[in-house]
Amino acid sequence: MTRVTRRTVFGLAASAAAAASLPSFVPPASAGAPQILKPLPPRWFVDYGSNAEMRWESVDPSAYLTPQRRLFVRNHTSTPTIDPSTYRLRVHGDGVRRDASLSLRELRGFRHVQATTVHECTGNGRSFFASQQGRAASGTQWTLGAVGTVRWTGVRLADVLRALGLRPDAVSVQATGLDADYVNAGVDYGPVRRPFPVAKALDDAILAWGADGKPLLPDHGFPLRLVLPGWVGIANIKWLGSLEVSTSELTSPWSTTWYNIDGPLSTNPVRSAWELPWGAQLARAPRIELTGRSWSGAGPIAGVEVSTDGGATWRPARLHAPGRASAGHGWGWTQWSTVLERPEPGARTLLARATDVRGRTQPDEAAWNPNGYFFDAVVRHPVTIL
Ligand SMILES: Nc1nc2c(c(=O)[nH]1)N[C@H]1C(S)=C(S)[C@@H](COP(=O)(O)O)O[C@H]1N2
Ligand SMILES: [Mo]
């Protein structure tokens, strides 16, 4: 197994030959080394140390997809640096006829696919449990920026598993990352890992090496990550080191202790955000166009209702033409807009409530759970008209 830490000296650009000529002494990681490697300009991100939230007000209304440099980051530990020339994906377990150790070149030999997904952390919106429902949930206090719509490039996990001889009685696949063990309050939980059903593996799971037409950035899983479309962020294991395929149900603390409400969480709920700062101050004008986006883990968005008067009156938002993410499989979020006609100066509250193609809609109140997952209630977004 290729196990690498941020102390590994090999940079992304280092070829095997260049790497071989590097001195063997590797200085230990200094305390306070960054846990995220890409730049986090404050106008784009809220920096939480190991996590970084996208600012909705920085989203370009003309850009449908979220480029990797703009995408939120959620790390349990730190972004590792992995040498792609020695990288191997290990596939093992009693659910496959033969174990394998696949190089990136071997993986690229499978049919290439693109898939667009709403990529979102389970805890997105968690801060609203406190600010809107009066009960604080533990964990990163995200507003709504732990989400993006990403077009991934890779291969279908189904193709790889079938080539290795998937056994008909295989039921469970455990994906394990190559990042450092997760240690919390003195307990070492081992590497970040999470099981998922073989049915999802065969349906639409992707082994992705690229996003927005480029290699994955280190923070987003270089050189390979798992993508389970529509599923909770944690299901999308970064720096994928191994897949254990099993004929019995597998578990991990990331499916039993965390990311679990009466069972392991899978499909993300429906949510909406305005492309505005919190407490935005808007210059008075005869017409103010406001924009936002809605998304769901279960499928495309069917409709969005908005209120610009704190919920007293509602009207449909204008949904923007779909299909801009249609190349390849999957779906992304839906962009929408609404117009404030001759608004009076003063404070007001904006609300958006989306419904997906499965008929799932955003409630007024999100179901309480102590870890603050799945905050899907309509968010009350304050603005002031100057
Ligand atoms: N190996 C590994 N995979 C991981 C994580 C991690 O810490 N280590 N975090 C998970 C969580 S909780 C989320 S929300 C997503 C975040 O992906 P991103 O940082 O690329 O946006 O990665 C998931 N995959
Ligand atoms: Mo997450």
Side-chain angles (χ1 to χ4, degrees), residues 1-6 35-38 40 44-45 47-54 66-82 89 117-126 137-142 144-152 174-184 189-196 205-212 214-243 252-255 257-260 264-266 268-269 297 371-375:
M1 182 156 116
T2 317
R3 201 75 207 292
V4 259
T5 69
R6 52 185 309 107
Q35 293 168 287
I36 295 174
L37 302 182
K38 71 179 180 181
L40 300 171
W44 290 357
F45 290 102
D47 186 347
Y48 300 108
S50 63
N51 304 324
E53 171 162 9
M54 178 193 79
T66 311
Q68 293 186 74
R69 64 182 192 285
R70 297 278 199 130
L71 185 63
F72 81 96
V73 182
R74 163 60 171 124
N75 281 351
H76 281 76
T77 59
S78 295
T79 295
T81 300
I82 295 176
L89 172 65
T117 71
V118 179
H119 176 60
E120 182 174 40
C121 184
T122 326
N124 198 24
R126 180 182 284 124
S138 65
T140 301
Q141 295 299 305
W142 307 103
L144 283 170
V147 64
T149 287
V150 181
R151 187 177 295 163
W152 311 96
Q174 174 110 266
T176 302
L178 294 169
D179 38 344
D181 285 4
Y182 178 62
V183 180
N184 191 16
Y189 293 93
V192 176
R193 62 198 185 282
R194 195 170 200 262
F196 59 101
I206 306 275
L207 301 175
W209 58 74
D212 44 74
K214 301 186 188 77
L216 292 178
L217 287 180
D219 296 311
H220 297 298
F222 180 90
L224 194 80
R225 87 178 296 165
L226 180 66
V227 176
L228 299 189
W231 279 33
V232 289
I234 186 63
N236 302 265
I237 293 293
K238 304 194 272 191
W239 316 294
L240 185 64
S242 67
L243 292 169
S252 91
W254 286 268
S255 68
T257 303
W258 307 299
Y259 308 102
N260 182 311
L265 298 174
S266 57
N268 267 327
N371 287 322
Y373 303 131
F374 281 8
F375 188 94

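Since this is a predicted model, take the numbers as computed values, not measurements. Atoms within a ligand are numbered from 1 in the order they appear, just like the ligands themselves.
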Check your understanding: What is the distance from atom CG of L144 to atom CZ of R126, rounded to the nearest 0.5 Å?
Key ->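 Going from CG on L144 over to CZ on R126, the span is 12.5 Å.
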
Review point. Got a second to check how far L178's CG is from T81's OG1, nearest 0.5 Å?
Key: 12.0 Å

Is a side-chain N or O of [X] found less than 3.5 angstrom from the main chain of [Y], in a donor-acceptor match?
X    : Y    : value
N236 : V232 : yes
N75  : Q35  : yes
R151 : D212 : no

Can you pull out the closest protein heavy atom to [atom]? Residue, atom name and distance to 0.1 Å, please.
atom                    : value
atom 23 (C) of ligand 1 : G233 O, 3.4 Å
atom 22 (O) of ligand 1 : R225 NH2, 3.4 Å
atom 3 (N) of ligand 1  : K238 N, 2.9 Å
atom 2 (C) of ligand 1  : D179 OD2, 3.4 Å

Can you list the atoms of ligand 1 that are under 4.0 Å from a heavy atom of [X]?
X    : result
F72  : 14 (S), 16 (C), 18 (P), 19 (O), 21 (O)
G177 : 1 (N)
N75  : 7 (O)
N236 : 22 (O), 23 (C), 24 (N)
H220 : 18 (P), 19 (O), 20 (O), 21 (O)
C121 : 14 (S)

Review point. Applying the side chain to side chain contact (heavy atoms under 4.5 Å, CB included) test to V227, which of L240, I206, I237 qualifies?
Key: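 For V227, the side chain to side chain contact (heavy atoms under 4.5 Å, CB included) check succeeds only for I206.
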
Exercise for review: Give yes or no for whether the N/O distance cutoff of 3.5 Å, strictly under, is met between T122 and ligand 1.
Suggested key: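 Min N/O separation from ligand 1 is not below 3.5 Å for T122.
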
Review point. Do R74 and ligand 1 have an N or O pair less than 3.5 Å apart?
Key: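 Right, the criterion is met.
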
Exercise for review: Decide if the gap between the ring center of W142 and the ring center of F375 is smaller than 6.0 angstrom.
Suggested key: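 Aromatic pair excluded; centres sit 6.0 Å or further apart.
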
Review point. Is the NZ or CZ atom of R70 positioned over W44's six-membered ring, under 6.0 angstrom from the centre and within 45° of the axis?
Key: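 Because its charged atom sits under 6.0 Å from the ring centre and within 45° of the axis, R70 does stack over W44.
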
Point to revise | Proximity of V73 to ligand 1 by residue part, where a heavy atom lies under 4.0 Å | key: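 Both parts.
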
**Study point:** H119 heavy atom under 4.0 Å from ligand 1
**Key:**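 Flag set, H119 near ligand 1.
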
Exercise for review: Could you tell me whether ligand 1 has any atom less than 4.0 Å away from a heavy atom of Y259?
Suggested key: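 Flag set, Y259 near ligand 1.
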
Practice item. Return the orientation label for the Y259 and Y373 ring planes: parallel under 30°, perpendicular over 60°, tilted otherwise. Key: parallel

Exercise for review: Check the angle between the aromatic planes of H119 and F72 and answer parallel, tilted or perpendicular using the 30° and 60° thresholds.
Suggested key: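 Parallel: the ring planes of H119 and F72 meet at under 30°.
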
